[in-house]
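Every chain is numbered from 1 and lettered A, B, ... according to where its sequence line falls, protein lines coming before strand lines.
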Amino acid sequence: MPTVSQILSARVAAAVARAIHEEGWQGEPGIIEIERPANPDHGDYATNVAMRSARTLRRSPQQIAEATVSRLPPDDVIAGAEVAGKGFINLRLRPEWVARQADEIGRAADRYGRADVLAGQRIQVEFISANPTGPLHLANARGGPLGDTLGSVLAFLGADVTREFYVEDSGTQFDMFGQSIAVRYRQLLGEDATLPAEGYQGEYVTDIARTILAREGERFRELSLEEQARIFAPLGVEWVVSEDQRVCEKFGIRFDSWFSQAEMMRSGYFEDTVKALRERGKVYEKDGAVWFDAPDEIEDKEGWVIVRSSGEPTYFGKDIAYHRLCLTERGLDRKIDIWGANTHYHLIQMRAAMRALGLEDRFEVVLYQFVRFLHEDVILGMSRRRGQFITLEDVLDAVGKDPTRFFLLQRSADSQLDFDFELAKQQSNENPVYYVQYAHARIASIFRTAAERGAGVEGADAGLLTEPAEQELVKHCLRFPDLVLEAGRHHGVHLLTQYAVELAGDLHNFYKFNRVVSDDVERTKARLLLMKAVQVTLRQTLGLLGISAPESM
RNA sequence: GGGCCGUUAGCUCAGUGGAUAGAGCACCUGCCUUCUAAGCAGGUUGCCGCGAGUUCGAGUCUCGCACGGCCCGCCA
């Protein structure tokens, strides 16, 4: 089922081609862009192809538009085309066609809006990937709905999507985590031990030590702190990862894989990657460390360390290996990472490294600006090491999954946002998410009423949906497939929340002024089809957002 | 010093180079005997941060400036 833009674009392109041929013009037309005018007087859709072709065809926009429109006669979809303004071509959809689409949308049901433009592409979306040294909190939670929803959109467009959580279970922070657990373990045994200055202070560290003690007894008692740390760190990560899994499920997120960095390191793939970089002449030695040679455009640094003088790989070095692994050994066509804004410098480094390996085109990143967390009107810094944070789970329990997801998905990733905890709890009933869900529930209620009165859609004639309010609703639903394409192209999943609110608004307005279930049997049937179409569209949108579509509220 | 993101209504924010710039919240006025009032209708609000440039056309692109957030480690 092609989108409206695709249908119109094809017909306009054909008309332009005919115009050029028959008028004997020279040159190529501009790209056909189909847009929706803000002003309804300008038609349902419009194209600026005449303006865009004026230069190459060396004709005035008006002239090109006239020639195109005269070759764009009314057909099954287009009721009329006219030239307006400085050369716009305004297109009106045929009401009969629009009406029939209500039926098509209802029949498509959970296939509505799906496409195959990305069929055959294997795409990994990697998100959250928080350090496995403590519970998830809101700062790293924004990437959750963003990545999850982007994954859903890409899958909707036909891609083979894998959602991955990269578990960084090696390195300095990992070691420090193990030490922190060891200290708590010793304290539980009544020994004298103090947490290092950089240690993890959260209460959960003691919980982990207690769990280990309960499960394994005192058999690690005689070991040195270093030995204990080495044993406890993976156990601690296991504990945190299992917690993360549980909380992500509460958030409506299920990962296909939890990839272990330590496992990759044991496989020798890191050394292999350094070798590959060395063969390309991209690394050099200095001060006993191995450096990646920064490209010339980078003015502030000559290079970045990938193996320390101690022999320990850096995070940057390991991330190069990890991305190379995904894009070569694992056969992924694209890898899309959802990262917090504080990693933008890392992004610059990674782009350079990926370019050095010839993988740049397949590596994409969505950077999201930080969430500031307001608690009792105070902006909370979220330091995990100091144990100062409100966990994601606290937020989910207090606010609910749907409002939390909706709130985080409402704004573009580029804009910063404040999450006011008290406001979110207190105003959750005024949250726009309920406005959207209510529209869906309202339709469900209409169907319940219809069922009670023995009314159904059997034998309905969608062609009766000719009233302006009915037409507007169907047209609004028809925007959905184009919107999904747009969201997929630009990774802009917030477009979906915005659309959901607008469509819900249209439905509420229609509901107020138009009766669906009435004595008019034929009209009732047709309007039930209309309601079905809106319900399907709302459900599809909410489904992509990972937000439930309730039958009643 | 360098870099990334932002600056649009009182507040929080939408706005693939198109025609008269939008939504929610807040505020005011109406609307529940008919499919759910978590709703609807109407009203008020804008030097789109500032200054240049690019072009048929700029909130949108380029450059400069100001302000805010983040970053520039042999941490991750």
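Glycosidic torsion of B:C40 falls outside 90° of 0, placing the base in anti.
Comparing atom distances between the A:Arg515 side chain and each of B:C5, B:C72, B:C35 picks out B:C35 as nearest. The nucleotide whose nearest atom lies closest to any side-chain atom of A:Val305 is, among B:A14, B:C74, B:U16, B:C74. In this structure, the nucleotide among B:C74, B:A14, B:C56 sitting nearest to the side chain of A:Met51 is B:C56. The listed nucleotides are B:A76, B:C4, B:G18; the one nearest the side chain of A:Asn48 is B:G18. The side chain of A:Tyr434 lies closest to B:A38 when the candidates are B:C74, B:A38, B:C72. Of the candidate nucleotides B:C4, B:C35, B:C56, B:C4 has the atom nearest to the side chain of A:His344. Comparing B:U12, B:U16, B:C75 by their nearest atom to the side chain of A:Glu33 picks out B:U16.
In a base pair of the Watson-Crick type (N1 to N3 plus N6-O4 or O6-N4) or a G-U wobble (N1-O2 and O6-N3), with each distance short of 3.5 Å, B:A21 is matched with no nucleotide. B:A41 is paired with B:U29 under the criterion used here, namely a Watson-Crick or G-U wobble arrangement in which both key atom distances are under 3.5 Å. Pair assignment for B:A9 gives none, since no Watson-Crick or G-U wobble pairing has each distance under 3.5 Å. Searching all strands for a Watson-Crick or G-U wobble partner of B:C65 with both distances below 3.5 Å returns B:G49.
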Ring pair (Phe, Tyr, Trp, His ring centres under 6.0 Å) evaluation trace for A:His323 with A:Phe363: CA-CA 8 Å; A:His323 281 73; A:Phe363 166 63; 5.1 Å; yes
Applying ring pair (Phe, Tyr, Trp, His ring centres under 6.0 Å), run through A:Tyr269 and A:Tyr322 and close with a yes or a no. CA-CA 8 Å; A:Tyr269 199 77; A:Tyr322 168 56; over 10 Å; no
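As judged by a 4.0 angstrom heavy-atom cut-off over every strand, A:Arg36 is placed among residues making no nucleic acid contact. Residue-level contact check: A:Asn514 touches the bases, meaning some heavy atom is under 4.0 Å from a base atom. Within 4.0 Å (heavy atoms only), A:His508 reaches sugar-phosphate atoms of the nucleic acid but no base atom. Within 4.0 Å of A:Asp287, counting heavy atoms only, lies at least one base atom of the nucleic acid. Among the heavy atoms of the strands, none lies under 4.0 Å from A:Phe370. Among the atoms of the strands shown, base atoms are found under 4.0 Å from some heavy atom of A:Asn90. Residue-level contact check: A:Ile34 touches the bases, meaning some heavy atom is under 4.0 Å from a base atom. A:Leu417 comes within 4.0 angstrom of the backbone, heavy atoms only, and of no base. Using a 4.0 Å heavy-atom criterion, one finds that A:Ser552 contacts the bases of the nucleic acid, with or without backbone contacts as well. Nucleic acid contact class of A:Asn39 (heavy atoms, under 4.0 Å, all strands): base. Across all strands, A:Lys318 comes closer than 4.0 Å to no nucleic acid atom at all (heavy-atom distances). Residue A:Ala38 is out of contact with every strand shown, counting any heavy-atom pair closer than 4.0 Å. At a threshold of 4.0 angstrom between heavy atoms, the contacts of A:Ile306 with the nucleic acid are absent. Heavy atoms of A:Phe513 sit under 4.0 angstrom from primed sugar atoms or phosphate atoms, though from no base atom.
Straight-line distance between the C1' atoms of B:G3 and B:G22: roughly 33 Å, to the nearest whole Å.
Results of the ring pair (Phe, Tyr, Trp, His ring centres under 6.0 Å) test with A:Phe407 over A:Phe421, A:Tyr434, A:Phe419 single out A:Phe419 as the only residue that passes.
Neither OP1 nor OP2 of B:C56 sits under 4.0 Å from any side-chain N or O of A:Arg52. The shortest distance between the side-chain N/O atoms of A:Thr172 and the OP1/OP2 oxygens of B:A76 is below 4.0 Å.
A donor and an acceptor atom, one from each side chain of A:Lys318 and A:Ser170, are located under 3.5 Å apart. A:Asn48 and A:Glu35 share no donor-acceptor pair across their side chains, judged by distance under 3.5 Å alone. In summary, the side chains of A:Gln179 and A:Tyr200 do not present any donor paired with an acceptor at a separation below 3.5 Å, with no hydrogens or angles considered.
Distance A:Tyr322 OH to B:A76 P: 17 Å, rounded to the nearest Å.
Of the two residues contacting RNA chain B, namely A:Leu495 and A:Gly171, the nearest-nucleotide position lying further toward the 5' end is that of A:Leu495.
In the interface, the side chain of A:Asp414 is not paired with the base of B:G6 through any donor and acceptor atom under 3.5 Å apart. In terms of polar N and O atoms assigned as donor or acceptor, the side chain of A:Ser309 comes within less than 3.5 Å of the base of B:C74 in a complementary pairing. For A:Asn342 against B:A76, a side-chain-to-base donor-acceptor contact under 3.5 Å is absent.
By the 4.0 Å N-to-carboxylate-O rule, A:Glu126 lies close enough to A:Lys335 to be salt-bridged with it.
The aromatic rings of A:Trp339 and A:His346 sit tilted, their planes meeting at an angle between 30° and 60°.
The aromatic ring of A:His42 is stacked on the base of B:A19, with the two ring centres less than 5.5 Å apart and the planes inclined by under 30°. Here A:Tyr511 does not pack flat against the base of B:G39, since the 5.5 angstrom centre distance and 30 degree tilt limits are not both met.
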